[in-house]
Enquirer: 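Take a look at this one; I'll ask things after.
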Amino acid sequence: MPTPLLAITGLWAGYQETPILRGIDLTIQEGETVVLIGPNGHGKTTLLRTISGLIKPALGEIHFAGQLVNGKSPEELTGGGLIHIPQGDALFPDLLVEENLLMGAYPRSAWMRRNELRDRVYELFPQLRSRARQPARTLSGGERRQLSIGRGLMREARLLLIDEPSLGLAPVLVDSVYGVIDEIARGKTTVLLVEENFKHIRRLAKRVSVLEMGRIVRTGTPDELLSDPTVAESYLGLVRGATSDG
């Protein structure tokens, strides 16, 4: 097997003195799309935040592109192509749509290609092009989510972490957003995705990992998880009905 793009071993992390992740082991090969599912509040978002440097591990190791990255800042990781698109939008509401996109191109390599990257985002989300000169606060919820994802794509990603892209979106917008994610994945960008809608991850994911109580308790293909009655009833049914942060 080639060296994984992301390799996590024995990872413990949390907030202050409270552990959330309890011995996570996870590997992702270059070009894979892996999805995290599981009950709300059991560590999915915490895992993405720890991988991207927003939370410092208490124990364990995170290797990205063959290098130990424990202790690296989010800025350093972003410069190496590890891009985190968090839940919600976290936009600059009074800046124009295009200005928000350009804020995502802050590494020098991305800034030098900002027009090319911006045009690619507009191809993926045509509605943003027509809103380019509007303040972000004037956008609908779905447009704001598109802008948030687009801003993340203003840097060249080797590994793209996406936290619940469908949260709060109307079904037609969910289909649009997942069409973009599918196109990104087919372009060989590696994706680690947190999602609660099994319909979308079934067609997208190469592997699915179930995270419960801060531990990965099951990993398999979408069809393997569906064929396991315990997993299908305990996790996939819950995932379909969940609506809040994990």
Side-chain angles (χ1 to χ4, degrees), residues 1 4-15 18-52 55 57-63 84-87 159-171 174-175 177-179 181-182 184-186 190-246:
M1 289 289 290
L5 181 62
L6 180 71
I8 299 171
T9 54
L11 182 65
W12 287 68
Y15 303 93
T18 303
I20 304 296
L21 306 178
R22 302 167 180 268
I24 295 286
D25 295 314
L26 178 69
T27 59
I28 303 179
Q29 297 293 335
E30 189 123 30
E32 275 195 303
T33 296
V34 175
V35 177
L36 294 171
I37 65 173
N40 294 324
H42 285 233
K44 302 186 298 295
T45 292
T46 300
L47 179 55
L48 295 196
R49 289 172 60 83
T50 305
I51 294 169
S52 65
I55 296 173
L59 292 170
E61 295 184 345
I62 303 172
H63 286 82
H84 182 187
I85 299 175
Q87 259 187 27
L159 173 61
L160 191 59
L161 312 178
I162 312 177
D163 197 351
E164 294 197 67
S166 68
L167 186 67
L169 297 185
V174 173
D175 290 341
V177 166
Y178 263 95
I181 294 172
D182 188 47
I184 292 167
R186 283 190 282 107
T190 308
V191 178
L192 177 59
L193 174 72
V194 169
E195 185 48 89
E196 296 185 343
N197 189 320
F198 191 73
K199 178 184 76 171
H200 293 291
I201 67 174
R202 186 179 185 184
R203 73 169 188 242
L204 182 70
K206 182 172 182 179
R207 288 185 292 128
V208 179
S209 289
V210 180
L211 198 153
E212 182 178 28
M213 297 296 292
R215 296 182 174 88
I216 292 177
V217 297
R218 181 79 158 82
T219 295
T221 67
D223 287 342
E224 286 171 344
L225 297 191
L226 274 175
S227 67
D228 183 326
T230 301
V231 172
E233 180 178 354
S234 299
Y235 300 107
L236 304 187
L238 179 147
V239 168
R240 291 190 195 98
T243 57
S244 58
D245 177 28

Enquirer: Do the non-hydrogen side-chain atoms of Pro222 and Ile201 ever get within less than 4.5 Å of each other?
Expert: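 No - every pair of side-chain heavy atoms lies 4.5 Å or more apart.
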
Enquirer: Is there a side-chain contact between Ser209 and Leu26 in this structure, where contact means two heavy atoms from C-beta onward sitting under 4.5 Å apart?
Expert: yes

Enquirer: Is the closest side-chain heavy-atom distance between Thr190 and Thr33 below 4.5 Å?
Expert: no

Enquirer: Going by an N to O cut-off under 4.0 Å, is there a salt bridge joining Asp223 and Arg202?
Expert: yes

Enquirer: In Å, rounded to the nearest 0.5 Å, how long is the span from CD of Glu195 to CG of Asp163?
Expert: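 Here the rounded value is 9.5 Å.
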
Enquirer: Any chance you could lay out the side chain to side chain contact (heavy atoms under 4.5 Å, CB included) test for Ile181 and Leu204, step after step, and finish with the verdict?
Expert: CA-CA 9 Å; Ile181 294 172; Leu204 182 70; 3.7 Å; yes

Enquirer: The test is side chain to side chain contact (heavy atoms under 4.5 Å, CB included); show your working for Ile216 and Ile24 and say whether it passes.
Expert: CA-CA 6 Å; Ile216 292 177; Ile24 295 286; 3.9 Å; yes

Enquirer: Roughly how far, to the nearest 0.5 Å, is CG of Leu211 from CD1 of Ile37?
Expert: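 Going from CD1 on Ile37 over to CG on Leu211, the span is 10.0 Å.
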
Enquirer: Heavy atoms, side chains only, cut-off 4.5 Å: are Pro57 and Ile62 in contact?
Expert: yes

Enquirer: Who pairs with Arg215 by salt bridge (charged side-chain N to carboxylate O under 4.0 Å, His left out), at least two apart in sequence or on another chain?
Expert: none

Enquirer: Any side-chain heavy-atom pair from Leu225 and Thr221 closer than 4.5 angstrom?
Expert: no

Enquirer: To the closest 0.5 Å, what do you measure between NZ (Lys44) and CZ (Arg49)?
Expert: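 Reported value, rounded in 0.5 Å steps: 14.5 Å.
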
Enquirer: So which heavy atom on Leu21 is nearest to which on Gly43, and how close?
Expert: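 For Leu21 versus Gly43, the nearest heavy atoms are CD2-O, 3.4 Å.
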
Enquirer: Evaluate Thr50 against Leu48 for side chain to side chain contact (heavy atoms under 4.5 Å, CB included), listing each step before the verdict.
Expert: CA-CA 5 Å; Thr50 305; Leu48 295 196; over 6 Å; no

Enquirer: At what distance, to the nearest 0.5 angstrom, does CD1 of Ile51 lie from CG of Leu161?
Expert: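 It comes to 5.5 Å.
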
Enquirer: With the side chain counted from C-beta on, respond yes when Ile184 and Leu160 share a heavy-atom pair under 4.5 Å apart, and no when they do not.
Expert: yes

Enquirer: Strictly below 4.0 Å, N to O, side chains only: are Asp228 and Arg218 in salt-bridge contact?
Expert: yes

Enquirer: Taking the side chain as every heavy atom from C-beta outward, state whether Val34 and Val208 have any atom pair closer than 4.5 Å.
Expert: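 No, too far: nothing below the 4.5 Å cut-off.
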
Enquirer: Measuring only between side-chain heavy atoms, which start at C-beta, is Asp175 closer than 4.5 Å to Tyr178?
Expert: no

Enquirer: With Glu61, which residues qualify under side chain to side chain donor-acceptor pair (under 3.5 Å), at least two apart?
Expert: none

Enquirer: Would you list the atom pairs, donor with acceptor, under 3.5 Å between side chains in residues 7-15 and any protein atom, with sequence neighbours excluded?
Expert:
residue	atom	partner	partner atom	Å
Tyr15	OH	Thr46	OG1	3.0

Enquirer: Identify the two heavy atoms, one from His84 and one from Ser52, that lie closest to each other, and give their separation to 0.1 Å.
Expert: ND1-OG, 2.9 Å

Enquirer: For the residue pair Gln29 and Glu32, what are the closest heavy atoms and their distance?
Expert: N-OE1, 2.8 Å

Enquirer: How long is the gap from CD on Gln87 to CG on Leu167, to the nearest 0.5 Å?
Expert: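 Answer rounded to 0.5 Å: 5.0 Å.
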
Enquirer: Just verifying a value: how many Å separate His42 NE2 and Leu47 CG, rounded to the nearest 0.5 Å?
Expert: 14.5 Å

